[in-house]
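Counting starts at 1 for both ligands and their atoms, in listed order. Numbers here are sequence positions counted from 1. Excluded from the calculations below are hydrogen atoms, water molecules and symmetry mates; all remaining heavy atoms, backbone and side chain alike, are included.
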Amino acid sequence: MSPGTSEPDVLVVGTGFAGLCMAIKLKEAGEENFVVLEKADRVGGTWRENTYPGCGCDVMSLMYSFSFAPNRNWTRMYARQPEILEYIERVVRDYDLTPHIRFGSEVISYDFDDTTDRWRVETGSGAVYHPRIVVAGPGPLHKPSVPAFPGRESFAGTAFHSAEWDHSVDLAGKRVAVVGTGASAVQFVPEVAKTAAHVDVFQRTPHWILPKLDRPITTAEKAVFAGVPGVQKAYRGAIYWSHESLIAGFLHPRLMTVLESAAKGLLRRQVRDPALRATLTPGYTIGCKRILVSSNYYPALQRENVDLVTSGIEEITARGIRTEDGTTHEAGVIVYGTGFAVGDRFANEHLVGRRGLTIQRAWRDGMEAYLGVAVSGFPNFFLMMGPNSGGGNQSIVFVIEAQAHYVIRCLALMKKRDATRIEVRAGAQREFNRVVHRKLEGSVWNSGGCDSWYLDATGHNRAAWPGSSASYWRRLRTPDDRHFELSSLAEREDDTEYTGPGVLTSGDLTVPVEVFLNGHVEPLDGQYHWYGRVVGDGVDAAKQRGRIPLFLTIGDGSAAPAALAERDPWGHFRIAGVGAPPFPLAPVEVDVPVS
Ligand code: N01
């Protein structure tokens, strides 16, 4: 590829596990003309962003790596953030991905160009790319969510979210308030409590916690992994199947009793005080919220300098947090371990697909994709870790690998059919989601009696895959071409409503042009939308005229108000209008019943 090109064949967004996996699979498939955009100046995704004390993975290390790039250097059964980031950076070096990565490139808009079957992707730094294919890999958990507690801005101390840890603040000797008791908080509370003068942990809902069987990986184990072929793989296989066996319980909550006993056992062993134990015992089925894994959280809560606060947060004051029981809990620092905005993924993004369809409109009833990867209305666009692709009981890296493989197979399908456009059929997506949501109805996520980020505001589960990850993997082996619309630009151009000469006028300017136009009645506004390309010397000048109205006339027809957009990748201008088109419309064929 030419690493500086603005017309890559494939554009990948993000350098977390998902974006990097996609990049590696593209290389393996012989595709070198791709770029990877990264908003930051370093790779790593969530493992770059989350640096809170104690940050690590609650999936066992041997399963938290690419299957094709095993890590012989893991030091612990459950790796901590620095060594996961180190692993990711090593993968980038080993696969020579750096020449493809554009750092400091945050995407601000994605627009599909119907007339060229390419995307226009713009970054905050003003760079514009025209890729044929976009693969977006923004993690589902990357937008920190801080609840709008009354008085939040009045706090006189320092406040930050766990995913934006402020390492310039020394917590030693300070009074710290921690809001939230989820997967992040159970990791950093024990660390913060070691040096803080006092920690108040604000719990709204208790979470189920399983013991974390963490320990260093011994030198002998490392030697065996390195020296005896297949051992590390077998170990990984055992972990994979132990995670996989849990899915029966997630789908049939009555089977969760075994896990619930294990969690209750930990609570019994680690919390002797019955009142505290009761406060920490959830009132919903285990698995409904993400199951936490920790062996040092309960002991940390029982330290002299730690209090668990269960009265609801009423407001934040300059001095701390006032709870509904009237107490003010003084704090110099507030840490929000309050999770991420999951439900409104793409809510504020400029992502415009075929015929001007925005992602907000497409997802007005909730996020929906086909196999978590493709979205109807958004051709040549693939999503990694999209809605209902799972990862709840399995390493997300496994899910990501399956998705990258699927995208490669879709690209191969396009090549085989000589297609410039691939788009999942709306009917296939609808049917897929009907089945997914029906299967999820009885699952522990939907019926376990809790609120969680798996469920959106309408109560629909937009996160989980209703089956084993092996079943998801199988579905992603080969794309079912009956579920996709594959077409080529050349075929569609034959199909244009009008191709031929026309005249652009703008004030006293008249420009003879060649136009390639198409159109359709838009169901959203009931109007005829026409659009296409316009070629001719002087189109540039017409475009420069700014506010002076522009018209396109064809033959003896009437002048139709038009607008010129930016050039396409071949230097031609796009033109569009709404209302009566400048070309005659073909008569609509009506079936007349034979009497
Ligand atoms: O966030 P969470 P997280 N008032 O959403 C509370 C992944 N992860 O950052 O339970 C009071 O789990 C909320 O209370 P409640 C993992 O997938 C992975 O900890 O809603 N409290 C809860 O206690 C995880 O699921 C690893 O009642 C409020 C907490 O804040 C996801 O990230 C490690 C509140 C949020 O918990 C998110 O984890 C860490 C309010 N208004 C994280 N709003 C791995 O090891 C929220 N809370 C792979």
Side-chain angles (χ1 to χ4, degrees), residues 16-17 45-47 49-61 63-65 76-81 83-85 139-152 160-165 177-189 191 200-210 212 214 243 279-280 282-284 287-294 297 301 308-316 321-324 329 334-343 385 390-400 445 448-455 463-464:
F17 270 105
T46 195
W47 296 108
E49 304 285 303
N50 284 273
T51 59
Y52 56 78
C55 181
C57 189
D58 55 19
V59 173
M60 288 177 109
S61 333
M63 196 56 222
Y64 208 74
S65 55
R76 311 191 60 81
M77 299 304 278
Y78 287 89
R80 305 270 162 85
Q81 176 265 342
E83 64 174 316
I84 300 174
L85 189 56
L141 301 164
H142 77 291
K143 285 186 197 146
S145 156
V146 177
F149 293 118
R152 201 181 73 195
F160 51 83
H161 187 276
S162 61
E164 295 167 338
W165 199 273
V178 173
V179 184
T181 55
S184 303
V186 297
Q187 293 184 341
F188 68 75
V189 165
E191 300 304 317
D200 282 317
V201 179
F202 293 81
Q203 170 188 286
R204 185 167 65 177
T205 318
H207 292 232
W208 286 109
I209 304 183
L210 289 174
K212 189 172 194 174
D214 193 18
H243 283 269
T279 308
L280 290 168
Y284 54 85
C288 183
K289 283 176 184 285
R290 194 171 193 274
I291 303 172
L292 308 186
V293 185
S294 171
Y297 177 65
L301 288 183
L308 182 67
V309 182
T310 55
S311 180
I313 295 175
E314 192 173 80
E315 68 166 332
I316 311 253
I321 297 181
R322 185 159 56 241
T323 44
E324 284 159 4
H329 305 265
I334 299 178
V335 183
Y336 292 103
T338 40
F340 300 86
V342 181
M385 297 172 291
N393 70 313
Q394 192 51 274
S395 166
I396 192 72
V397 185
F398 177 84
V399 171
I400 285 168
W445 302 293
C450 76
D451 271 336
S452 79
W453 58 258
Y454 292 104
L455 307 180

Subject >> Residue list, disulfide bond (SG atoms under 2.5 Å apart) with Cys55, at least two apart or on another chain >> reply: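 Disulfide bond (SG atoms under 2.5 Å apart) check on Cys55 returns nothing, list empty.
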
Original post:
Does the gap between the ring centers of Phe340 and His161 come in under 6.0 Å?
Top reply: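 Yes, they do, as the ring centres are separated by less than 6.0 Å.
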
**OP:** Could you check Trp47, Phe398, Tyr78 and say which one makes a ring pair (Phe, Tyr, Trp, His ring centres under 6.0 Å) with Tyr64?
**Re:**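 The ring pair (Phe, Tyr, Trp, His ring centres under 6.0 Å) with Tyr64 is passed solely by Trp47 among Trp47, Phe398, Tyr78.
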
Subject >> salt bridge (charged side-chain N to carboxylate O under 4.0 Å, His left out) partners of Arg152, counting only residues at least two apart >> reply: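 Expected list: none.
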
**OP:** Report yes or no: do Ser395 and His243 form a side-chain donor-acceptor pair below 3.5 Å?
**Re:** no

Original post:
In chain order, what residues pass the side chain to side chain contact (heavy atoms under 4.5 Å, CB included) check against Leu455, with sequence neighbours excluded?
Top reply: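 Leu455 satisfies side chain to side chain contact (heavy atoms under 4.5 Å, CB included) with Asn446, Ser452, Asn461 once adjacent residues are dropped.
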
Original post:
Got the residues with a heavy atom under 4.0 Å of ligand 1, by chain and number?
Top reply: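 If the criterion is a heavy atom under 4.0 Å, then ligand 1 touches Tyr52, Gly56, Cys57, Asp58, Leu141, Pro147, Phe149, Gly180, Thr181, Gly182, Ala183, Ser184, Gln187, Arg204, Thr205, His207, Lys289, Arg290, Gly337, Thr338, Gly339, Phe340, Trp453.
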
